[in-house]
Amino acid sequence: MEAVTGYGVGQVAAISALQRAGLRGRHLAIMALLSQTMVPWGAMANGTMVGATLSGLTPTLLGTYSAVLTLPLLAGWLAMFWRVARAAGVEANAVRHIEELCWIATIAILLVICNLAIGPESAGVTTLGALIALRFWLYERPSAARLRRAAKACVPYAALILGLLASRVLSGIAPALESVAVLKPLGNGPSLHPSTHPATWLVLIGCVTILSVKPSAMVKVAWSACQRGCRSVLAILLFLTMAKLMATSGMAEALGQGVRQLFGAGAPLTVPLLAGLFGFITGSGSASNGLLMPAQISLAREAYLDPGWIAAIQNVGAAALTMLSPARVATCCVLAGVPHLERRVYAGAWPFGGIVVAILVGVCAIMLVAKGAVPAMRWE
């Protein structure tokens with residue numbers, strides 16, 4: 001759900017599933033926040049695409065770097081998941097823990113492979129969709145009738161995944177679709193191919209689904225979608241415009257130089273801290289990337305570090321900390337039926353963000369050590 005729609009919609013499905021498993025109250029809300037662990041690939045990797053545009057990297061490169069950085073985060077989040085589960089009274093033996101670890105490792109590996117092979121827009125949907133189907137088959141052992149019902153319910157998602165894959169992988173289809181229309185919305189920035197863009201496929205599949213289920217609702221649903229989506233579209237457009245102005249005017253470069261002068265050789269250690277802070281405040285990877293990515297890239301160049309890894313740290317750090325944004329936590333608490341327990345939910349969920357910051361700061365420190373910057377650091 002999160003990979004397709006974004007904007008925290010995955011919390012709704014997570015709450016429903018966890019309630020069926022018997023969880024209630026504060027622990028239910030805390031567990032549901034883990035539905036936001038794949039935000040770099042949420043909404044068809046919208047935030048990652050924004051980050052790629054502003055960093056000068058290809059989406060494939062930024063998506064792959066982000067997937068590699070997500071490997072240790074998934075392991076850390078799994079440990080936090082076990083901790084919260086024990087506190088909620090859900091016990092599991094060592095065999096079950098090993099199984100869960102294997103599933104997480106499989107997700108992490110496939111995420112890297114899919115980002116390399118098909119790009120970030122469809123990497124999250126493809127990875128998680130395939131593994132959900134496999135897990136359903138292995139653990140549920142559904143009857144023929146139940147399998148038919150599940151297959152029918154999954155038709156729109158399967159059509160979306162297959163359409164995205166065909167538009168990117170099949171040599172005969174992809175070039176033909178790309179040649180239909182080419183737009184250059186950001187001048188010298190990357191080209192936009194509307195016929196292969198994930199949003200086009202999402203709208204197309206959504207319209208076909210509505211027409212096949214309840215055609216009379218088409219106008220009402222379209223109007224509702226436009227009303228709800230216009231603010232998000234406008235906000236992203238404003239952040240992109242601001243980022244472009246910052247980069248063109250030299251403001252981003254000046255900010256990078258200022259951070260470098262303030263913190264010296266240790267300035268890159270602030271990258272995950274700022275990324276996480278802005279992800280927490282805005283609740284959006286797109287917004288955080290729009291505000292910070294140009295300055296972070298400038299800082300990377302000032303420090304002679306690989307801009308690709310710095311861009312990925314910005315992208316992953318901002319996306320990961322959106323799970324603790326006030327909007328996300330408030331939504332989880334309301335859905336879990338405990339709107340009065342936001343403080344207690346934050347008290348139990350803060351390690352989810354703490355482990356992200358610790359790991360990404362550690363990655364920055366390793367990069368500094370690798371280039372020999374740490375021995376020369378001065379904090380005067």
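Hydrogens, waters and symmetry mates play no part in the numbers below; they use all other heavy atoms, side chains included.
Across all their heavy atoms, I297 and P307 have their closest contact at CD1-O, 3.6 Å. Taking each heavy atom of G290 and L54 in turn, the nearest pair found is CA-CD1, 3.6 Å. In plain terms, the two heavy atoms of S325 and G279 that are nearest each other are CB-O, 4.3 Å. When every heavy atom of F278 is checked against every heavy atom of S288, the shortest pair comes out as CB-OG, 3.4 Å. Smallest separation of non-hydrogen atoms from Q296 and I310: O-CG2, 3.5 Å. Here the closest non-hydrogen pair linking G276 and L321 is O-CB, 3.4 Å.
Side-chain atoms of S224 do not come within 3.5 Å of backbone N or O of K220 as any donor-acceptor pair. Although no hydrogens or angles enter the test, the distance criterion places a donor-acceptor pair under 3.5 Å between the side chain of T37 and the main chain of L34. No donor-acceptor pair closer than 3.5 Å links the side chain of T270 to the backbone N or O of L273. Between the side chain of T127 and the backbone N or O of G124 there is no donor-acceptor pair closer than 3.5 Å. Side-chain atoms of N289 come within 3.5 Å of backbone atoms of G47 as a donor-acceptor pair (strictly under, hydrogens ignored). No donor-acceptor pair under 3.5 Å is formed between the side chain of W82 and the backbone N or O of H97. With T60 contributing its side chain and L116 its backbone, the two residues share no donor-acceptor pair below 3.5 Å. For the pair T58 (side chain) and L61 (backbone), a donor-acceptor distance under 3.5 Å is present. With hydrogens and angles disregarded, no donor-acceptor distance shorter than 3.5 Å links the side chain of S298 to the backbone of P294.
Clustering ILVMFWY residues whenever any of their side-chain heavy atoms sit less than 4.5 angstrom apart, transitively, puts L71 in the very cluster that holds L131. The hydrophobic clustering, which links ILVMFWY residues whose side-chain heavy atoms are closer than 4.5 Å, places V221 and L211 together. Criterion: ILVMFWY side-chain heavy atoms under 4.5 Å apart, direct or through other members. Under it, I107 and W137 are part of a common hydrophobic cluster. Tracing side-chain contacts under 4.5 Å through hydrophobic residues (I, L, V, M, F, W, Y), one never reaches Y346 starting from V334; they form parts of separate clusters. W350 is not connected to M323 by any chain of hydrophobic side-chain contacts under 4.5 Å among Ile, Leu, Val, Met, Phe, Trp and Tyr, and they are in different clusters.
Distance CG/L291 to CD/Q314: 9.0 Å, rounded to 0.5 Å. The line from CG of L111 to CG of L74 is 7.5 Å long, rounded to the nearest 0.5 Å. Atoms CD1 and CD1, from I359 and I313 in turn, are 12.0 Å apart once rounded to the nearest 0.5 Å. Note that CD of Q261 and CD of E302 are 8.0 Å apart. Values are rounded to the nearest 0.5 Å. Between T64 atom OG1 and L69 atom CG the span is 11.0 Å, to the nearest 0.5 Å. Residue I104 holds its CD1 atom at 11.5 Å from CD1 of I109, rounded to the nearest 0.5 Å.
For the pair P268 and L368, the minimum side-chain heavy-atom distance is below 4.5 Å. Using a 4.5 Å heavy-atom threshold, the side chains of L299 and F263 count as separate. The closest side-chain heavy-atom distance from R146 to F136 is below 4.5 Å. With a 4.5 Å cut-off on side-chain heavy atoms, S66 and P120 do not count as touching. By the 4.5 Å heavy-atom criterion applied to side chains, K152 and R149 are not counted as neighbours. Between V271 and V361, every side-chain heavy-atom pair lies at or beyond the 4.5 Å cut-off. Side-chain contact check for M31 versus V84: some heavy-atom pair is nearer than 4.5 Å.
With salt bridges taken as basic N to acidic carboxylate O contacts below 4.0 Å, none links E140 and R135.
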Candidate pair V338 and R26, rule side-chain contact (heavy atoms from CB on, under 4.5 Å), full reasoning: CA-CA 7 Å; V338 289; R26 178 172 68 101; 5.6 Å; no

Trace of the side-chain contact (heavy atoms from CB on, under 4.5 Å) decision for Y139 with L134: CA-CA 9 Å; Y139 285 80; L134 177 60; over 6 Å; no

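For Y65 and W309, the ring centers sit closer than 6.0 Å to each other.
In summary, the side chains of R24 and Q19 do not present any donor paired with an acceptor at a separation below 3.5 Å, with no hydrogens or angles considered. For the residue pair E121 and W41, no side-chain donor N or O sits within less than 3.5 Å of a side-chain acceptor on the partner.
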